[in-house]
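A quick write-up on the structure given underneath.
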Amino acid sequence: MWLLPSFRACLAWALLSLVLGMELSLQESFLLKALGLSTKPSPKAPVPVPPVLWRIFQKRKMLPSTNRDPVDACRVEEFNVPGNIIRVFADQGHFIHSRQPQRLLCLQKRLYFNLSVLEEDEHLTMAQLEVKFSHNSYHTSSQGQGFELRLYQTSQLPLREMPSQEPGRKLLVEQSFVQLHKSLLFNLSGAAKDWRTFSRNLGLILEISVSGRDGASALGSEGLQGLCTSINSFLDTSLLVVTLSQQCKASRRRRSARYPPVTPSNLCRPRRLYISFSDVGWENWIIAPQGYMANYCLGECPFPLTAELNSTNHAILQTMVHSLDPEGTPQPCCVPVRLSPISILYYDNNDNVVLRHYEDMVVDECGCR
Ligand SMILES: *[C@@H]1O[C@H](CO)[C@@H](O)[C@H](O)[C@H]1NC(C)=O
Ligand SMILES: *[C@@H]1O[C@H](CO)[C@@H](O)[C@H](O)[C@H]1NC(C)=O
Ligand SMILES: *[C@@H]1O[C@H](CO)[C@@H](O)[C@H](O)[C@H]1NC(C)=O
């Protein structure tokens with residue numbers, strides 16, 4: 001490990017060693033740590049990949065070939081926020097069945113998103129709650145009757161015999177809606193930051209009721225029941241969280257030689273290496289890509305070094321000394337001098353879907369150092 005200047009920089013190297021079968025378990029745990037994981041995930045109930053993550057993943061994959069502009073690895077353009085990790089957390093909360101049903105209340109549900117997988121050094125830049133109804137057809141209730149959604153932040157553990165208006169909750173959002181075919185999106189950045197800093201994450205409470213305004217009082221209990229049923233075909237809630245990890249360098253880079261030429265030469269230059277995730281046994285938790293062109297550096301750094309070998313002054317002097325004293329002083333090494341990032345879509349240890357941008361995964365250029 002003393003050879004390796006930083007975690008990030010040697011990610012590609014560790015992967016390479018993994019492929020070459022070097023001390024598999026040690027290398028693997030080292031690599032997983034660099035990927036932000038404590039153990040190798042083995043998804044139990046993998047959820048479908050949220051379409052928004054697919055879209056972002058595909059777009060990033062297309063960018064280098066269609067667009068010569070720099071790709072900012074540490075920004076999520078789609079949401080216009082800094083970040084290199086996007087996670088979608090599934091809701092782990094349960095429905096609350098109240099002892100004293102309120103007339104207009106269709107449903108009450110606790111929402112819980114376990115953010116404990118976020119590392120300390122990750123800075124949360126966005127959290128967006130999505131509430132989705134399973135209606136795929138355009139639906140407005142027959143009387144044009146609307147609904148009201150209320151979202152509370154819980155600040156006290158629920159007590160068994162709690163009164164319906166318990167004090168330990170704070171209203172975050174109140175919104176009316178009529179249509180059930182569209183997702184409702186809420187900015188929960190503030191609440192999610194609180195969960196990580198000041199208070200424990202005790203979750204949220206979601207309430208949906210029939211709007212009391214438009215003469216709902218005139219509806220009989222059957223009418224109300226019917227309205228609520230359309231809501232009960234509900235419901236999928238998830239929390240999309242964007243974070244920026246400390247490792248992300250704000251540098252902007254352009255990808256170039258993703259496919260190094262195969263011209264024969266024994267001089268230092270990038271060589272083609274395709275790393276397949278199924279070859280390293282990672283295909284069950286890495287969703288995409290299935291592998292990528294990682295490349296590596298190999299070749300001689302002879303005297304006199306030409307400018308093409310991207311040498312440092314030190315390397316030029318070292319080759320001179322080497323040519324005078326081949327036994328005593330080695331040639332400079334052929335090493336990566338420019339690397340570029342890739343995005344990986346995977347399941348973490350809690351079965352959340354994560355899209356993460358990793359720096360320095362592809363060797364673009366080599367040099368004698
Ligand atoms: C959250 O997830 C962690 C593992 O990542 C687990 O140890 C912890 O018990 C979970 N918390 C809750 C409340 O489910
Ligand atoms: C979300 O809320 C935070 C404050 O809680 C605010 O700083 C941020 O600009 C909001 N984002 C959007 C997209 O409105
Ligand atoms: C040295 O850098 C140039 C551009 O900066 C690049 O075109 C060339 O391929 C590099 N040489 C090697 C051996 O990678």
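In this text the structure is predicted, and so the values were computed from the model without any measurement. In each ligand, atom 1 is the first atom listed, and ligand 1 is the first ligand listed.
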Would R196 and E120 count as a salt bridge (Lys or Arg N to Asp or Glu O under 4.0 Å) if you check the C-alpha gap in whole Å, the side-chain angles of each, and the deciding distance to 0.1 Å?
CA-CA 9 Å; R196 299 194 66 207; E120 293 244 320; over 6 Å; no
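Within the structure, the salt bridge (Lys or Arg N to Asp or Glu O under 4.0 Å) test picks out no pair touching residues 45-55 (sequence neighbours left out). Screening residues 35-52 for side-chain hydrogen bond (donor to acceptor under 3.5 Å, both in side chains) gives T39-N349 as the qualifying pairs, with residues at least two apart or on separate chains. Applying the salt bridge (Lys or Arg N to Asp or Glu O under 4.0 Å) test to pairs two or more places apart or on separate chains, those with a residue in residues 82-94 are R87-E122, D91-K109.
Residue N350 touches ligand 1 through its side chain alone, judged by heavy-atom distances below 4.0 Å.
At least one N or O atom of N114 sits closer than 3.5 Å to an N or O atom of ligand 1.
Side-chain polar atoms of H357 and R60 form a donor-acceptor pair below 3.5 angstrom.
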Quick one: ligand 2 N/O to protein N/O pairs below 3.5 Å?
residue: ligand 2; atom: 2 (O); partner: N187; partner atom: OD1; Å: 3.3
residue: ligand 2; atom: 2 (O); partner: N187; partner atom: ND2; Å: 2.4
residue: ligand 2; atom: 11 (N); partner: N187; partner atom: ND2; Å: 2.8
residue: ligand 2; atom: 14 (O); partner: N187; partner atom: ND2; Å: 3.4

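Using cut-offs of 30° and 60° on the angle between ring planes, the pair W282 and W285 is tilted.
Residue-environment remark: CG (N313) stays at or below the threshold of 12 foreign heavy atoms within 6.0 Å.
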